[in-house]
Amino acid sequence: MEGNNGHSSSKSLERVLSRKAVQAGSSVPCKIWATGFLCGVCIMYLFGVALPPLRVPQNRSVYPPLRRAILWNFTLTEHDGVAATGESASAQEKIEERKRNYHATEARIVQLYNAWSSMLHTTSDEVLKSSDLPWPPHLDDCKLNVERNKRFDSYGDNGTFPHWTLWKGSLGLELLNQKYSENANQYRQYPPWIVGSDEENYPLTRRVQRDIWIHQHPPNCSDPSLRFLVADWESLPGFGIGAQLAGMAGLLAIAIKEKRILVTNYYNRADHNGCHGASRSSWSCYFFVETSSDCRKQAFELMQRKASWAEGSVKVKENYTSKQIWVGRIPRMWGEPWKYLQPTTEINGRLITNHRKMDRRWWIAQATRYLMRFPTEYMCGLLNVARHSAFGLEAAKLVLESIQNDSPKVGTTRTKSDIERLVWSDHKPYIPRPLVSMHVRMGDKACEMSVVGFEEYMELAGNLRRRFPSLKNIWLSTEMQEVVEKTKLYSDWNFYFTNVARQGGNITMALYEASLGRETSTNYPLVNFMMATEADFFVGALGSTWCYLIDGMRNTGGKVMSGYLSVNKDRFW
């Protein structure tokens with residue numbers, strides 16, 4: 001009945017309008033006007049009544065050139081002033097033109113993405129200048145970063161303290177170099193790898209990082225009074241990267257308490273073909289070494305002398321018990337700052353006020369931050385590959401929209417301005433923000449803690465979005481293929497993750513890592529770790545050592561007030 005009533009109503013409307021048109025006059029202009037008006041009404045009726053209402057997918061990470069959506073927009077905005085007799089043809093032409101433009105835009109985006117892909121491992125300013133391509137905003141200039149960070153991580157030619165000025169990055173090195181170094185005082189400067197103020201980090205973070213660096217970098221490594229602790233990284237089966245970092249944090253604490261310089265030695269996870277030369281089997285494949293090359297050389301020379309062992313000038317990890325390494329006393333040279341540390345961790349909807357072993361939590365965060373203070377060119381390249389795979393197409397679309405040119409080649413060979421070179425160069429690479437990092441730990445972790453399903457992690461992400469409605473991007477790290485498959489159920493979120501084989505069952509982590517090979521099983525977790533430290537928010541499991549370390553890195557990286565949402569309700573550190 002509704003259909004018949006609607007049809008008769010339209011007939012009545014047409015008859016009324018026809019009579020009005022006849023009354024208006026029989027002149028040619030009036031007839032044309034009337035005909036056009038009637039056609040317009042019919043078209044509006046067709047789309048408003050005859051066709052079902054349009055439902056556009058929301059928060060999809062795809063372009064939505066729906067034919068009906070385009071036609072609907074056209075009928076609402078384009079019909080004024082168009083002759084009725086040519087309206088249908090004109091609408092079709094517009095549709096076809098927009099389709100052609102859409103496909104051309106897509107092709108240009110892919111073209112630029114592929115051009116960036118071909119030079120992923122050579123992304124430096126000079127290479128991009130010669131190629132005439134616009135700079136990829138999601139990639140770092142790894143070579144420039146390493147060159148700059150080496151200057152921050154070593155004494156000057158005359159033995160002067162590194163230029164840790166009040167100004168960040170290249171600006172502090174180049175413009176204020178001479179002016180500031182005249183009155184430089186190492187105890188009034190703070191290291192450049194700490195982001196944010198004291199209030200945005202764990203208590204005393206900037207001071208502690210400065211003091212650790214000074215302890216680990218004596219001006220004269222040949223000083224006979226210096227003593228060393230040389231330690232291999234843990235390599236027992238079942239020890240993940242998280243456990244290795246926690247163990248090395250304990251050894252750094254021992255070295256500081258005994259006034260020794262920590263020198264890390266064999267790192268089994270870097271014993272692969274991706275790490276070349278001296279960096280093979282060394283932490284220096286991924287991050288800057290913990291002390292200078294001169295001190296490392298001196299420590300290894302002392303190990304060759306019997307007198308050095310007898311005098312205690314050098315010790316190794318085996319000189320200490322497991323208890324001393326893993327649960328030993330934390331250095332007290334900064335007092336007890338953990339006593340006024342306020343956690344920003346939420347569990348079961350409540351903000352907790354205290355962690356067990358707050359001193360250890362604070363110290364492991366400081367040690368991990370120091371050991372990972374500067375990524376190497378190799379690690380920077382791994383992060384570039386991951387960001388390009390995840391965000392490259394989005395970045396290409398943004399760049400092309402900003403330049404509005406027919407070709408990706410936009411003549412970028414011009415010389416960079418000072419503000420680009422000295423100020424903007426210190427900005428972090430593009431990632432879609434706001435971004436929440438989510439580490440879903442399942443599998444054999446059930447023997448250590450209570451594991452929960454992916455749904456509970458997403459429930460916490462939903463809580464975040466209720467407070468921050470623009471949040472729709474998740475960087476997901478997990479070893480379980482089941483979790484990746486479940487992301488398809490959450491179409492209103494954009495998920496990003498590394499392209500790596502994942503577990504299909506509950507095999508042990510050791511067997512899973514062995515199936516990936518040493519290089520892949522080391523590279524992709526470190527990429528996920530670093531991406532988690534850069535995300536705006538974090539959802540994880542408090543009982544996981546990996547999440548525990550990520551939280552520590554974030555709380556020494558200016559993200560204390562971002563908080564930590566944990567699915568664990570039964571295990572407290």
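Start at 1 with the first residue, then count along the sequence. Being a predicted model, the structure only gives us computed values, none of them experimental.
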### Task
Might you confirm whether atom CG of Asn499 has over 12 heavy atoms from other residues, nucleotides or ligands at distances under 6.0 Å?
no
### Query
For Ser292 and Asp294, does a side-chain donor sit closer than 3.5 Å to a side-chain acceptor?
no
### Side-chain donor/acceptor of Asp153 to backbone N/O of Asn149, under 3.5 Å
no
### Message
Show me the pairs that pass disulfide bond (SG atoms under 2.5 Å apart) and involve residues 533-565, at least two apart or across chains.
### Response
none
### Query
Do Asn528 and Leu526 pass the side-chain contact (heavy atoms from CB on, under 4.5 Å) test, and can you show the C-alpha distance, the side-chain angles, and the key distance before you say yes or no?
CA-CA 5 Å; Asn528 282 327; Leu526 287 175; over 6 Å; no
### Message
Going by the rule side chain to side chain contact (heavy atoms under 4.5 Å, CB included), which residues pair with Ser308 if we only count those two or more places apart in sequence or in a different chain?
### Response
Leu302, Arg305, Ser313, Val314
### Query
With sequence neighbours left out, what residues match Lys150 under side chain to side chain contact (heavy atoms under 4.5 Å, CB included)?
Val146, Phe288
### Query
OG1/Thr522 to CG/Leu382 distance, rounded to the nearest 0.5 angstrom?
10.5 Å
### Query
Can you check side-chain contact (heavy atoms from CB on, under 4.5 Å) on Asn523 and Tyr378, steps first, answer last?
CA-CA 10 Å; Asn523 290 356; Tyr378 178 68; 3.0 Å; yes
### Query
Side chains of Leu435 and Phe537: closer than 4.5 Å at any heavy-atom pair?
no
#### Entry: Donor-acceptor under 3.5 Å (Asn220 side chain, Ser222 main chain)
yes
#### Entry: ring-ring contact (aromatic ring centres under 6.0 Å, His included) partners for His388, two or more places apart
Tyr113, His138
### Task
State, with a plain yes or no, whether a side-chain heavy atom of Met530 is found less than 4.5 Å away from one of Phe287.
yes
### Task
Flag the pair Asp232 and Lys317 as a salt bridge only when some basic side-chain nitrogen lies within less than 4.0 angstrom of an acidic carboxylate oxygen.
no
#### Entry: Side chains of Tyr202 and Gln342, donor plus acceptor under 3.5 Å
no
### Task
State which residue, out of Phe152, Phe374, Tyr370, Tyr155, fulfils the ring pair (Phe, Tyr, Trp, His ring centres under 6.0 Å) condition with Trp213.
Tyr155
### Task
Anything under 30° is parallel, anything over 60° is perpendicular, the rest tilted; go ahead and classify Phe161 against Trp164.
perpendicular
### Query
Minimum heavy-atom separation for Cys275 to Arg280, with atom names?
O-CB, 3.4 Å
## Note on the structure
In short, Trp475 meets Ala390 closest at the heavy-atom pair CZ3-CB, 3.7 Å
### Query
Which pairs, with at least one residue in residues 192-251 and sequence neighbours excluded, count as a disulfide bond (SG atoms under 2.5 Å apart)?
Cys221-Cys295
### Query
So, does Thr376 use its side chain to make a donor-acceptor pair with the main chain of Tyr286 at under 3.5 Å?
yes
#### Entry: Charged N-O contact under 4.0 Å between Glu513 and Arg269
yes
### Task
Ignoring hydrogens and angles, state whether a donor on the side chain of Asp141 or Asn145 is under 3.5 Å from an acceptor on the partner side chain.
no
### Message
Tell me whether Arg441 is salt-bridged to Glu479, with the criterion being a basic N under 4.0 Å from an acidic carboxylate O.
### Response
yes
### Task
List for me each residue that meets side chain to side chain donor-acceptor pair (under 3.5 Å) alongside Asn268, sequence neighbours excluded, and say none if there are none.
Gln244
### Query
Do His439 and Tyr457 have side-chain heavy atoms sitting under 4.5 Å apart?
no
### Query
Run the side-chain contact (heavy atoms from CB on, under 4.5 Å) check on Phe538 and Ser437 step by step: do they pass?
CA-CA 5 Å; Phe538 183 68; Ser437 173; 3.7 Å; yes
### Query
Going by heavy atoms in the side chains, are Leu229 and Leu251 under 4.5 Å from each other?
yes
### Query
Under 3.5 Å, is there a donor-acceptor pair between the side chain of Trp326 and the main chain of Gly250?
no
### Message
Less than 4.5 Å apart, side chain to side chain, heavy atoms only: is that true for Trp233 and Tyr266?
### Response
no
### Query
Does the Asp140 side chain pair with the main chain of Cys142, one donor and one acceptor, at a distance under 3.5 Å?
no
### Query
Which value, rounded to the nearest 0.5 Å, describes the distance between Thr264 atom OG1 and Leu252 atom CG?
10.5 Å
### Query
Could you state the interatomic distance from CZ (Arg369) to CG (Asn555), rounded to the nearest 0.5 Å?
10.0 Å
### Query
Which residues satisfy the salt bridge (Lys or Arg N to Asp or Glu O under 4.0 Å) test with Arg360, sequence neighbours excluded?
none
### Query
Do Lys315 and Phe228 have side-chain heavy atoms sitting under 4.5 Å apart?
no
### Task
State, to 0.1 Å, how close Lys257 and Arg329 come at their nearest heavy-atom pair, and which atoms those are.
NZ-O, 2.6 Å
## Note on the structure
Contacts of Asp157 meeting side chain to side chain contact (heavy atoms under 4.5 Å, CB included) (sequence neighbours excluded), chain-then-number -> none
### Task
Kindly indicate whether the side chain of Leu341, heavy atoms from C-beta on, has any atom under 4.5 Å from the side chain of Pro203.
yes
### Query
Should Glu336 and Arg332 count as an ion pair when the cut-off is N to O under 4.0 Å?
yes
### Message
How long is the straight-line distance from CE of Met553 back to CD1 of Ile364, given to the nearest 0.5 Å?
### Response
13.5 Å
#### Entry: Side-chain donor or acceptor of Arg387 paired with backbone N/O of Tyr430 under 3.5 Å
no
### Asp359/Lys339 salt bridge by N-O under 4.0 Å criterion
no
### Query
Considering only heavy atoms from C-beta outward, does the side chain of Phe497 approach that of Arg502 to under 4.5 Å?
yes
### Main-chain N/O of Tyr190 paired with Arg206 side-chain donor or acceptor, under 3.5 Å
no
#### Entry: Non-neighbouring partners of Arg227 that pass salt bridge (Lys or Arg N to Asp or Glu O under 4.0 Å), sequence neighbours left out
none
### Message
Taking Tyr564's backbone N and O only, do any of them form a donor-acceptor pair with Glu346's side chain (distance below 3.5 Å, no angle check)?
### Response
no
### Query
How long is the span from the CG atom in Leu262 to the CG atom in Leu371, to the nearest 0.5 Å?
7.5 Å
### Side-chain donor/acceptor of Ser544 to backbone N/O of Ala541, under 3.5 Å
no
#### Entry: Residues that Asp536 engages under salt bridge (Lys or Arg N to Asp or Glu O under 4.0 Å), provided they are two or more places apart
Arg433
### From Asn201 atom CG to Gln366 atom CD, the distance as rounded to the nearest 0.5 Å
8.5 Å
### Task
Could you walk me through whether Met438 and Leu476 pass side-chain contact (heavy atoms from CB on, under 4.5 Å), step by step?
CA-CA 5 Å; Met438 181 181 292; Leu476 177 66; 4.2 Å; yes
### Query
Would you say the side-chain atoms of His272 pair up with the backbone N or O of Thr520, donor to acceptor, closer than 3.5 Å?
no
### Task
Can you sort out the partners of Val289 under side chain to side chain contact (heavy atoms under 4.5 Å, CB included), two or more places apart, ordered by chain and number?
Ser284, Arg296
### Query
Can you name the residues that form a salt bridge (Lys or Arg N to Asp or Glu O under 4.0 Å) with Lys428, not counting sequence neighbours?
Glu534
